[in-house]
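Read through the structure below, which is laid out as structure tokens, and then see the notes.
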Amino acid sequence: MSSLPPYATTGQRVWYYSFRVICGVIFFFLIAPIVVIIPLSFNAEDFFTFTPEMLALDPEGYSLKHYEDFFTNPDWQQALRNSVAIAPVATLLSVSFGTLAAIGLSQKHVPFRRPIMAIMISPMIVPLIISAAGMYFFYSRIGLQGTYWGVVLSHAALGIPFVIITVTATLVGFDESLTRASANLGANPVRTFFKVQMPLILPGVISGGLFAFITSFDEVVVVLFVGSAGQKTLPWQMFTGLREQISPTILAVATILVAISIALLTTVEILRRRSEKIRGMSPG
Amino acid sequence: MSDTTESGPVLAADGRPLKQSLNRALRREKLRALALIAPLLIFILVTFIAPIADMLFRSIENQIVSDTLPRTVQTLDDWEDESEAPGEAIFETFYFDFAIAAQRKEHTRLGTRLNYEMTGISSLFRRTGRDVEDIGEVYLDQFEDLNELWEEPQPWVAMMGADGWKADYADWIAARDAADEAGEDFGRDPPAFVASATAREALPRTTELYTAFAEVVQPARRDSLADDEPWPVVYTGLYQDLMANPDAASAFGGDTATLLAEAAAAVPEFETVNFREAFIEAESDWADPEVWATIKVFAPEFTTGYFLASVDLEKTPDGVEVKPENEQIYKLLFGRTMFMSLTITFSCLLLGYPVAWLLANLPMRTANVLMILVLLPFWTSLLVRTSAWKVLLQQQGVINDILVWIGIIGDGNRLIMINNQFGTIVAMTHILLPFMILPLYSVMRTIPPSYLRAAKSLGATNWTAFWRVYFPQSVPGIGAGAILVFIVSIGYYITPELVGGTTGVFISNRIAYHISSSLNWGLAAALGSILLIVVLVLYWVYDKIVGIDNVKLG
């Protein structure tokens with residue numbers, strides 16, 4: 001399929017090109033919805049659709065007013081502040097607990113490895129609505145429902161599987177003789193961890209952390225139930241906005257979030273290549 | 001081996017047997033691994049597993065009936081002829097339970113709970129809550145007519161309280177009065193009421209009711225025991241105690257004894273109340289045996305009722321029955337959730353397979369560039385993608401505009417593509433497509449292209465070569481992707497909520513509705529438990545086919 005041989009029949013040629021067109025349409029389906037909202041977020045009108053001025057590429061049809069609204073509206077600003085206050089703390093919790101446990105799990109002799117792994121991966125497996133329901137019930141019992149720490153703890157729990165998976169994957173290629181060599185040279189376990197093991201698995205830890213961060217930053221179901229109005233995050237504000245159709249400010253926020261995801265995607269990709277290079281694999 | 005038999009077991013450097021030494025090292029290693037894992041394990045158990053366990057527990061828990069009506073639940077066991085409302089004895093215990101519950105404002109909660117099982121109970125409980133005080137007034141009035149002291153709170157405190165508590169309470173009142181006089185804020189709570197052993201012995205029912213009274217009024221208004229006369233139901237209890245034990249006064253001393261002796265002499269002449277008639281007069285529904293049967297059926301502390309309700313069955317006094325046709329919504333909802341998840345899975349497969357094939361067969365560099373088009377949606381916020389579909393699909397949205405502009409449809413009959421099943425399926429297919437492409441791609445990469453060429457050079461047509469050679473090898477990828485997409489879609493909440501309208505919603509939306517709107521937490525928990533079991537079974541299958549360890553990200 002990579003290229004068409006010169007002896008291909010007309011039928012093969014038709015199929016070859018129509019297959020490419022089909023795939024192109026599917027790629028279009030994947031990417032178009034995300035691309036479409038970017039110009040719409042610069043709409044000068046309060047519509048969710050292209051105005052004739054916009055189609056005529058008239059500068060009058062475009063404006064930054066929805067971005068202005070996002071940066072001045074107290075509701076959106078509060079939501080942004082909440083998101084920024086919650087996601088990093090949740091990430092820190094999942095990364096520190098998760099990395100330790102991943103190192104523990106990658107040791108040779110771990111009793112009950114499978115059930116432990118299953119428990120740690122479970123927040124990713126259980127549908128969010130069920131996690132949200134359970135956390136709502138349980139956290140209201142112990143007084144965490146509607147508090148900042150309730151949301152942070154629940155988000156940390158949701159982020160942990162990602163940290164575990166990425167860090168264990170990095171540790172698979174980890175050469176144990178390095179830690180032994182370090183111990184041999186007189187380093188204590190803590191020093192060995194920070195000076196030898198950590199730098200090598202750092203790419204995995206960071207990309208796990210990014211996954212955990214984006215999980216918390218994007219999360220809306222659990223925060224809807226576990227949080228109260230005081231913990232309204234950006235996705236929550238978007239969710240209410242979409243429900244009540246208030247303003248195209250949502251599209252401006254969406255565009256900003258797309259930019260953030262592109263930045264994160266690039267970081268993760270660079271880290272992945274770096275980690276494979278460190279471990280002596282070809283960058284793929 | 002012969003060495004060992006001659007010189008005993010092999011020894012390690014420190015002189016211990018080698019085997020023992022190795023075992024010790026192994027044990028230490030295991031402990032170290034567990035010590036590293038323990039913090040996270042505890043964290044997950046508290047923040048995640050405990051909530052799930054709580055939800056499972058709530059799906060069968062039903063303590064509210066026996067907590068609110070403890071005495072009635074016991075006496076209801078004696079109710080035999082279930083074709084008519086129970087007799088006076090049961091109504092009497094019910095009066096005590098209900099009067100206390102009404103004072104605690106718990107009767108409406110119980111009414112709401114029982115209303116899930118029998119419509120109308122909620123309003124019956126609420127109305128009765130307003131009437132129940134009057135029922136006991138008869139005894140209260142007669143006691144007060146007998147001696148005005150019964151109107152005062154103080155004789156009650158003197159009669160019921162334990163000596164130690166009375167002393168503490170007097171100290172507290174003195175301290176409070178002193179603070180009031182000095183104009184200071186007095187923040188201390190009064191000592192919690194303790195009944196005296198004498199009262200408990202001589203006037204058991206009165207003590208029980210007075211303690212309930214104290215438990216409610218003391219935290220509400222701090223000085224109330226000294227300032228409020230007890231609830232009417234306490235006087236009813238006193239009447240019954242004095243009828244049962246006319247000699248009660250002799251256990252007490254001082255003014256209390258005089259007061260009680262006078263009352264004991266008078267009570268046989270008191271006008272009495274028939275609770276059964278009083279309740280039925282207040283609300284005729286109390287004569288309905290079905291109300292009582294419902295209370296009795298849901299009296300046990302644990303119930304299967306919520307699970308039965310989740311599959312459109314109901315627990316009636318005559319056993320488990322199918323709900324009436326027009327109330328069956330959960331089977332439909334579960335069926336729809338399954339159907340839509342399958343449709344979404346199938347559409348993802350249909351769209352994902354060619355793309356994965358293309359990606360797997362292109363040169364690495366091109367494939368990596370195209371992969372960005374798959375990963376970008378994967379990384380983009382779910383709400384961004386959902387809002388994009390809302391913008392595209394709505395009636396004044398981009399797609400309709402384009403169709404009108406091209407002239408395929410008229411401006412008057414724009415397509416309705418949102419707030420229905422179509423909207424949910426399109427948006428969710430888009431959102432979950434990367435979950436299908438990524439596992440498919442990783443499997444297809446491992447299929448050598450030479451197999452296809454070999455098949456063709458052996459004379460197979462393009463189709464045969466694909467269908468007989470390539471496709472079977474890609475089945476593991478299909479399995480992995482399909483199960484993954486299905487599992488994720490079956491529990492989806494946000495997208496159906498935003499673009500699903502009324503016909504495109506999933507079971508998860510119903511769970512959310514029961515948690516936040518109808519407040520029927522038990523039913524929400526039961527529906528959640530069922531969904532959880534389905535998902536876990538699917539994951540078990542996924543683990544058998546693909547292996548959980550093979551989950552990769554990015």
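Letters A, B, ... are given to chains in the order of the sequence lines, protein chains preceding strands, and every chain is numbered from 1.
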Checklist outcome for this item: If you tally heavy-atom pairs under 4.5 Å between each of A/Leu257, A/Leu100, A/Ile130 and chain B, the highest tally belongs to A/Ile130

Item to check | Per-residue contact mode, B/Ile511 against chain A (heavy atom under 4.5 angstrom) | outcome: side chain

Next on the checklist: Aromatic contact between B/Phe466 and A/Trp15, with the criterion being ring centroids under 6.0 Å apart: yes or no?
Outcome noted: no

Checklist entry - How long is the span from the CD1 atom in A/Ile31 to the OG1 atom in B/Thr380, to the nearest 0.5 Å? => result 7.0 Å

Checklist outcome for this item: Looking only at heavy atoms, the pair that brings B/Gly491 and A/Ile129 closest together is O-CG2, 3.8 Å

Item to check | Segment of A/Ser154 engaging chain B (4.5 angstrom heavy-atom cut-off) | outcome: neither

Next on the checklist: Quick check on B/Leu433 against chain A: is it the side chain, the backbone, both or neither that has a heavy atom closer than 4.5 Å?
Outcome noted: side chain

Item to check | Proximal component of A/Ile142, with respect to chain B [non-hydrogen, under 4.5 Å] | outcome: neither

Checklist entry - So what's closer than 4.5 Å to chain B heavy atoms on A/Glu219: side chain, backbone, both or neither? => result neither

Next on the checklist: Under 4.5 Å from any heavy atom of chain B, what part of A/Leu30 do you find: side chain, backbone, both or neither?
Outcome noted: both

Next on the checklist: Which atoms of A/Leu144 are under 4.5 Å from chain B, going by heavy atoms: the side chain, the backbone, both sets, or neither?
Outcome noted: neither

Item to check | Per-residue contact mode, A/Leu224 against chain B (heavy atom under 4.5 angstrom) | outcome: side chain

Next on the checklist: With a 4.5 angstrom heavy-atom cut-off, is it the side chain or the backbone of A/Ile119 that approaches chain B, or both, or neither?
Outcome noted: both

Item to check | Residue selection (most heavy-atom pairs with chain A, distance under 4.5 Å) from B/Val398, B/Val488, B/Val499 | outcome: B/Val398

Item to check | B/Trp379 versus A/Ser261, closest heavy-atom pair with distance | outcome: O-CB, 3.4 Å

Next on the checklist: Only pairs of heavy atoms separated by less than 4.5 Å count here; which of B/Ser508, B/Ser529, B/Ala388, B/Ser381 has the most with chain A?
Outcome noted: B/Ser381

Checklist outcome for this item: chain B shares the most heavy-atom pairs under 4.5 Å, among A/Val36, A/Ile160, A/Ile262, A/Thr168, with A/Ile160

Item to check | Which of B/Ile494, B/Ile37, B/Thr429, B/Ile487 touches chain A most, by non-hydrogen pairs under 4.5 Å | outcome: B/Ile37

Checklist outcome for this item: Comparing A/Val110, A/Val221, A/Val258, A/Thr255 against chain B, the one with the most heavy-atom pairs below 4.5 Å turns out to be A/Val221

Item to check | Contact origin within A/Ala156 toward chain B - heavy atom pairs under 4.5 Å | outcome: both

Checklist outcome for this item: Looking only at B/Arg385, B/Arg32, B/Glu497, most heavy-atom pairs under 4.5 Å shared with chain A are made by B/Glu497

Checklist entry - What heavy-atom pair brings A/Ile125 and B/Val535 nearest, and what distance separates the two atoms? => result O-CG1, 3.7 Å

Item to check | Criterion side-chain contact (heavy atoms from CB on, under 4.5 Å) on B/Lys390 and A/Ile250, from CA distance to verdict | outcome: CA-CA 11 Å; B/Lys390 200 146 186 166; A/Ile250 293 168; over 6 Å; no

Checklist outcome for this item: Heaviest contributor of heavy-atom pairs below 4.5 Å to chain B, chosen from A/Pro235, A/Ala133, A/Ala157, A/Pro111, is A/Pro111

Checklist outcome for this item: Max heavy-atom pairs within cutoff under 4.5 Å with chain B, candidates A/Arg141, A/Met135, A/Gln12, goes to A/Arg141

Next on the checklist: Please classify the contact of B/Leu41 with chain A as side chain, backbone, both or neither, using a heavy-atom distance under 4.5 Å.
Outcome noted: both

Next on the checklist: Which atoms of A/Tyr139 are under 4.5 Å from chain B, going by heavy atoms: the side chain, the backbone, both sets, or neither?
Outcome noted: side chain

Next on the checklist: Nearest 0.5 Å, please: how far is CG in A/Leu105 from CG in B/Leu40?
Outcome noted: 8.5 Å

Checklist entry - According to the interplanar angle, ranging from 0 to 90°, do the rings of B/Trp521 and A/Tyr136 count as parallel (below 30°), tilted (30 to 60°) or perpendicular (above 60°)? => result perpendicular

Checklist entry - For the candidates A/Phe239, A/Phe97, A/Phe137, which exhibits the highest count of non-hydrogen atom pairs separated by less than 4.5 Å from chain B? => result A/Phe137

Checklist outcome for this item: dist B/Lys30:NZ -> A/Lys108:NZ (nearest 0.5 Å) comes out at 14.0 Å

Item to check | chain A contacts, top residue of B/Leu56, B/Leu527, B/Leu382, B/Asp401 (heavy-atom pairs, under 4.5 Å) | outcome: B/Asp401

Item to check | Side chain / backbone / both / neither for B/Leu392 at chain A, heavy atoms under 4.5 Å | outcome: side chain

Checklist entry - Heavy-atom distance under 4.5 Å to chain B: side chain of A/Leu234, backbone, both or neither? => result neither

Item to check | Part of B/Leu383 within contact of chain A (heavy atom distance under 4.5 Å) | outcome: both

Next on the checklist: Could you report the tightest heavy-atom contact between A/Met238 and B/Ser387, atom names first, then the distance?
Outcome noted: CE-OG, 4.2 Å

Item to check | Where B/Ile52 and A/Ser131 come nearest, the two heavy atoms and their spacing | outcome: CD1-CA, 4.3 Å

Item to check | Verdict with supporting geometry, A/Leu128 and B/Tyr492, side-chain contact (heavy atoms from CB on, under 4.5 Å) | outcome: CA-CA 8 Å; A/Leu128 277 175; B/Tyr492 237 62; over 6 Å; no

Item to check | CZ on A/Arg243 to CG on B/Leu498, rounded to 0.5 Å | outcome: 7.0 Å

Next on the checklist: With chain A as the partner, which of B/Glu29, B/His514, B/Arg58 has the greatest number of non-hydrogen pairs under 4.5 Å?
Outcome noted: B/Arg58

Checklist entry - Would you call A/Arg20 and B/Leu358 a side-chain contact if the rule is heavy atoms closer than 4.5 Å? => result yes

Checklist entry - Which bit of B/Ile490 is near chain A, if near means a heavy-atom gap under 4.5 Å: side chain, backbone, both or neither? => result neither

Checklist entry - With only heavy atoms counted, which part of A/Ile37 is less than 4.5 Å from chain B, the side chain, the backbone, both or neither? => result side chain

Checklist entry - CD1 of A/Ile116 to CG of B/Leu34: how many Å apart, nearest 0.5 Å? => result 5.5 Å

Item to check | Per-residue contact mode, B/Leu373 against chain A (heavy atom under 4.5 angstrom) | outcome: both

Checklist entry - Is it the side chain or the backbone of B/Leu452 that comes within 4.5 Å of chain A heavy atoms, both, or neither? => result neither

Checklist entry - Aromatic rings A/Phe225 and B/Tyr493: how do their planes relate, parallel, tilted or perpendicular, breaks at 30° and 60°? => result tilted

Checklist entry - What's the shortest heavy-atom distance between B/Ala33 and A/Gly104, and which atoms? => result CB-O, 3.7 Å

Next on the checklist: At a 4.5 Å cut-off on heavy atoms, which part of B/Asn400 comes close to chain A: side chain, backbone, both, or neither?
Outcome noted: neither

Checklist entry - With a 4.5 angstrom heavy-atom cut-off, which part of B/Phe57 approaches chain A: side chain, backbone, both or neither? => result side chain

Item to check | Interatomic spacing from NE2 in A/His109 to CZ in B/Arg28 - rounded to 0.5 Å | outcome: 12.5 Å

